[in-house]
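Notes follow once the structure below has been shown.
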Amino acid sequence: IKIPLKTFVIILECWLKAKPVYETAELSKTSVVTIRRYYRLFRLNIVKTEDFKPIDHVQVDEAYFGQFIKQANYYHGFIKYKVVEKTGVAGISCPATGQLRTAIIEGRPGQFVKDFISQNVPINIRVNSDASFLYRNLYKRGYNHYSMSHDRGFEYSYYIESCWSWMKRRLFKQYHHFTKRYAPEYVQELTWHFNTRISRRRIK
């Protein structure tokens, strides 16, 4: 590294605590470009996929992350935000273990999501979801599948909805957004932070 060790430790601690890039630059007395570079180095070298071992049942869902751009409405005199370049993310959460597994949705969404579930969830684990078409016919793959539309409640997706909320809050606080080009890196980082939030708190 080309910066003092003390500065490196400050940047690493800020990254772990989800400090925004500009705030970290001010605290470490380095440039924003340097902070973005080290944040990406941490993302690529520290973040590792956690073992996903579900117990009893899992909740599956999809979320969409996008880049925010400002749009000025000169006729009404206010500025609004518009989400562009949406990236679909599939997720599997286990409320019993507090674990989350995610993946960027590619190709045909329905086929991709079902394959993603088959690769990460054993047949003997019950699968809960909303009433989206993405999860239709899971029983053909041998799963015990329960679904419920959101207008009837969130009994089968309450935990994974809270996972998405946690990830989006952290993303907006630390980076504000990500683009499709770097989506896999950011999603993996957010998932790692979620899965290790309790263990890292114990270390402190």
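Just so we're clear, the structure is a prediction, and the values are computed from it rather than from any experiment.
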Linked, directly or transitively: [X] and [Y] (ILVMFWY side chains, under 4.5 Å):
| X | Y | result |
| --- | --- | --- |
| Ile10 | Ile46 | no |
| Tyr39 | Leu44 | no |
| Val127 | Ile55 | no |
| Leu5 | Leu27 | no |

Test item: [X] and [Y] side chains (from C-beta on) under 4.5 Å apart, heavy atoms:
| X | Y | answer |
| --- | --- | --- |
| Val89 | Ile105 | no |
| Trp192 | Arg43 | no |
| Val21 | Gln174 | no |
| Phe178 | Val187 | yes |
| Pro122 | Pro54 | yes |
| Thr24 | Pro20 | no |
| Leu100 | Met167 | yes |
| Tyr38 | Leu12 | no |

Query raised in the report: Strictly under 6.0 Å, is that where the ring centroids of Tyr146 and Tyr139 end up?
Result: no
Report task. Step by step, work out the side chain to side chain donor-acceptor pair (under 3.5 Å) result for Asp115 and Gln111. Result -> CA-CA 6 Å; Asp115 292 341; Gln111 184 67 34; 3.3 Å; yes
Please report the shortest heavy-atom distance between [X] and [Y], naming the atom on each side.
| X | Y | value |
| --- | --- | --- |
| Gly142 | Ile123 | O-CG2, 3.2 Å |
| Ile160 | Gly91 | CD1-O, 3.3 Å |
| Tyr158 | Pro95 | OH-CB, 4.0 Å |
| Ile117 | Ile92 | CA-CD1, 3.9 Å |
| Leu190 | Trp166 | O-CZ3, 3.7 Å |

Query raised in the report: Take atom CD in Glu185; do more than 12 heavy atoms of anything else shown fall under 6.0 Å from it?
Result: yes
Query raised in the report: Got a sec: does the NZ of Lys19 have more than 12 other heavy atoms crowding it under 6.0 Å?
Result: no
Query raised in the report: Taking it one step at a time, do Asp51 and Arg101 satisfy salt bridge (charged side-chain N to carboxylate O under 4.0 Å, His left out)?
Result: CA-CA 9 Å; Asp51 291 334; Arg101 176 59 62 85; 5.7 Å; no
Cationic tip of [X] within the cone over [Y]'s six-membered ring, i.e. under 6.0 Å and within 45° of the normal?
| X | Y | answer |
| --- | --- | --- |
| Lys168 | Phe65 | yes |
| Arg197 | Phe194 | yes |
| Arg126 | Tyr143 | no |

Requested in this report: Report the C-alpha separation of Ser165 and Ser162 in whole Å, then their side-chain angles, then the decisive distance to 0.1 Å, and conclude whether the side chain to side chain donor-acceptor pair (under 3.5 Å) test is met.
Outcome: CA-CA 5 Å; Ser165 178; Ser162 67; over 6 Å; no
Query - Pairs flagged by side-chain hydrogen bond (donor to acceptor under 3.5 Å, both in side chains) wherever residues 3-16 is involved - sequence neighbours left out - result: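 Listed by first then second residue: Glu13-Lys17, Trp15-Tyr175, Trp15-Glu189.
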Requested in this report: For the pair Asp61 and Glu161, evaluate side chain to side chain contact (heavy atoms under 4.5 Å, CB included) and give the outcome as yes or no after the intermediate values.
Outcome: CA-CA 8 Å; Asp61 194 24; Glu161 292 290 352; 3.0 Å; yes
Report task. For the pair Gln99 (side chain) and Lys53 (backbone), establish whether a donor and an acceptor sit closer than 3.5 Å, ignoring hydrogens and angles. Result -> yes
Query raised in the report: Yes or no on side chain to side chain contact (heavy atoms under 4.5 Å, CB included) for Ile35 and Ser28, after CA distance, side-chain angles and deciding distance?
Result: CA-CA 9 Å; Ile35 300 304; Ser28 61; 3.5 Å; yes
Query raised in the report: Where do Glu62 and Tyr135 land on the side chain to side chain donor-acceptor pair (under 3.5 Å) test, with the steps shown first?
Result: CA-CA 10 Å; Glu62 76 286 345; Tyr135 312 107; 2.5 Å; yes
